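See structure below.
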Number of protein chains: 2
Amino acid sequence: MRADAARNREQIVQAARAVFTQDGPAASLNQVAQRAGVGPGTLYRHFPTLQDLLVAVIKDDVSALCARGRELLTGPSPEQALRTWLRAVAGHASAMRGLVATQLAAVTEGSALAACHDEITATGAALLARTGSGLDIADLLKLANAIGWAGEQAPGDQGLTDRLLALVTLS
Amino acid sequence: MRADAARNREQIVQAARAVFTQDGPAASLNQVAQRAGVGPGTLYRHFPTLQDLLVAVIKDDVSALCARGRELLTGPSPEQALRTWLRAVAGHASAMRGLVATQLAAVTEGSALAACHDEITATGAALLARTGSGLDIADLLKLANAIGWAGEQAPGDQGLTDRLLALVTLS
DNA sequence: CCTCTATCCGGAGAACCTCTCCGCTTCGCT
DNA sequence: AGCGAAGCGGAGAGGTTCTCCGGATAGAGG
């Protein structure tokens with residue numbers, strides 16, 4: 001990749017992070033391009049879809065989330081570890097005012113977001129296996145995602161995500 | 001209200017029901033107006049916001065939901081009644097491809113949707129009181145709403161809503 | 001039955017949005 | 001330094017939401 005292209009790409013990702021954080025699902029890609037100081041054409045060449053751009057923004061966060069999951073694998077209480085990690089997943093899903101949750105809900109096979117999703121699923125499966133319960137990791141993740149989404153809809157209610165997660169059985 | 005205005009209003013509501021059912025959150029109010037055979041101005045005068053229009057469409061459904069809740073009050077098992085009703089709530093929230101859930105999540109004090117929400121909350125509170133649990137009805141409803149939303153994001157997965165609801169503790 | 005006015009209609013248009021196309025610029029290899 | 005390929009970004013098509021206001025009309029009152 002040419003040096004100027006790499007520079008632009010990085011600037012777009014940074015602008016996207018700022019705009020997504022501010023506007024969430026209502027964010028405008030036009031605005032991202034403007035803030036990055038590039039034309040719309042440049043943005044869409046680098047990131048054909050909103051999901052591609054989102055993945056570039058959250059990639060590091062996803063890695064950190066999975067690393068945290070691997071750490072928790074070594075702890076003493078499998079169920080507590082799973083619960084802690086699901087809390088982290090919900091927190092991640094509610095990032096950027098729920099944008100992640102809404103996009104994650106519409107993930108399509110083979111997309112860049114699907115790769116992130118698969119990585120998370122694998123981590124969760126390992127944590128779940130240790131508990132010996134018969135639950136489905138895909139369902140648990142969908143529920144955590146939905147709870148993160150709900151938590152972000154009421155920004156004033158700080159503890160909502162935790163309270164809703166407390167209603168979930170893990171056994 | 002003049003007769004022609006009432007006629008137009010009714011046609012807009014019917015058109016909205018059709019468009020919402022087909023397109024969900026991606027529905028265009030323009031399309032609603034076109035389908036109803038009126039201009040955009042007419043639509044916005046009758047229903048200043050999307051929520052106003054949505055309320056007109058779902059009002060009967062909300063009443064039915066609350067009536068069902070009152071029926072369930074007379075049953076033998078309080079907890080089972082609450083669970084059954086929450087299932088109905090989730091089903092209602094997922095109507096129109098999740099449009100209801102997304103709007104319900106953004107309900108603001110004093111709006112028309114808030115009235116619907118209050119009616120549902122009152123019904124739920126009665127059902128919850130019988131169980132003697134210390135849970136919060138507002139939280140339970142938010143969770144049911146989120147689960148309905150999640151269920152609608154994966155239209156191919158028929159039983160998802162039920163499976164996620166099964167993960168919720170009511171005691 | 002006719003007239004008149006308050007009410008209502010609905011198209012034009014402003015200001016956004018997403019996404020594409022393509023002529024021009026610029027990088028960096030030779 | 002020259003040149004080919006890569007990349008840029010504005011113009012623009014077609015969509016959206018929402019407003020404004022000149023003209024049509026329902027239906028009450030004479």
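Letters A, B, ... are given to chains in the order of the sequence lines, protein chains preceding strands, and every chain is numbered from 1. Remember, predicted model here, so these are calculated numbers, not experimental data.
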Requested in this report: Take atom CZ of B/Arg9 and atom P of C/dT7, then tell me their distance rounded to the nearest Å.
Outcome: 18 Å
Query - B/Glu10 CD - C/dC9 P separation (whole Å) - result: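 After rounding, the gap between these two atoms is 14 Å.
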Report, one pair per line, the protein and nucleotides 22-30 of chain D atoms (nitrogen or oxygen only) whose separation is under 3.5 Å.
| from | atom 1 | to | atom 2 | distance (Å) |
| --- | --- | --- | --- | --- |
| D/dG27 | OP1 | B/Ala3 | N | 2.7 |

Query - Rounded distance (nearest 0.5 Å) linking atom CD of B/Gln51 with atom CG of B/Leu113 - result: 4.5 Å
Report task. Quick one: pull up CG in A/Leu160 and CD in A/Gln153 and give me the separation to the nearest 0.5 Å. Result ->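 Answer rounded to 0.5 Å: 10.0 Å.
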Give me the atom names and distance for the closest heavy-atom approach of [X] to [Y].
X: B/Thr123; Y: B/Cys66; answer: OG1-SG, 3.4 Å
X: B/Ser133; Y: B/Leu128; answer: OG-CD1, 3.5 Å
X: B/Leu65; Y: B/Ala88; answer: CD1-CB, 3.6 Å
X: B/Leu82; Y: B/Leu127; answer: CD1-CB, 4.1 Å

For DNA chain D, which residues in [range] have a heavy atom at a distance below 4.0 Å?
range: residues 17-32 of chain B; value: B/Ala27, B/Ser28, B/Leu29, B/Asn30
range: residues 104-115 of chain B; value: none
range: residues 40-53 of chain B; value: B/Pro40, B/Gly41, B/Tyr44

Report summary line: Tracing side-chain contacts under 4.5 Å among Ile, Leu, Val, Met, Phe, Trp and Tyr outward from A/Trp149 reaches B/Trp149
**Report entry** Phosphate OP1/OP2 of D/dG7: any A/Asn8 side-chain N/O under 4.0 Å
**Finding:** no
Short side-chain to backbone donor-acceptor contact, [X] and [Y], under 3.5 Å:
X: B/Ser111; Y: B/Val107; result: no
X: B/Arg87; Y: B/Thr161; result: no
X: B/Arg35; Y: B/Gln14; result: no

Query raised in the report: Taking NZ, NE, NH1 and NH2 as the nitrogens, is one of them in B/Arg163 or A/Asp136 under 4.0 Å from a carboxylate oxygen of the other?
Result: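 Here B/Arg163 does not pair with A/Asp136 in a salt bridge, since their nearest N and O are not under 4.0 Å apart.
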Requested in this report: Establish, from distance only, whether the side-chain atoms of A/Asp60 and A/Ser63 form a donor-acceptor pair under 3.5 Å.
Outcome: no
Query raised in the report: Quick one: salt bridge (charged side-chain N to carboxylate O under 4.0 Å, His left out) partners of B/Arg7, sequence neighbours excluded?
Result: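 So B/Arg7 forms no salt bridge (charged side-chain N to carboxylate O under 4.0 Å, His left out) with any residue.
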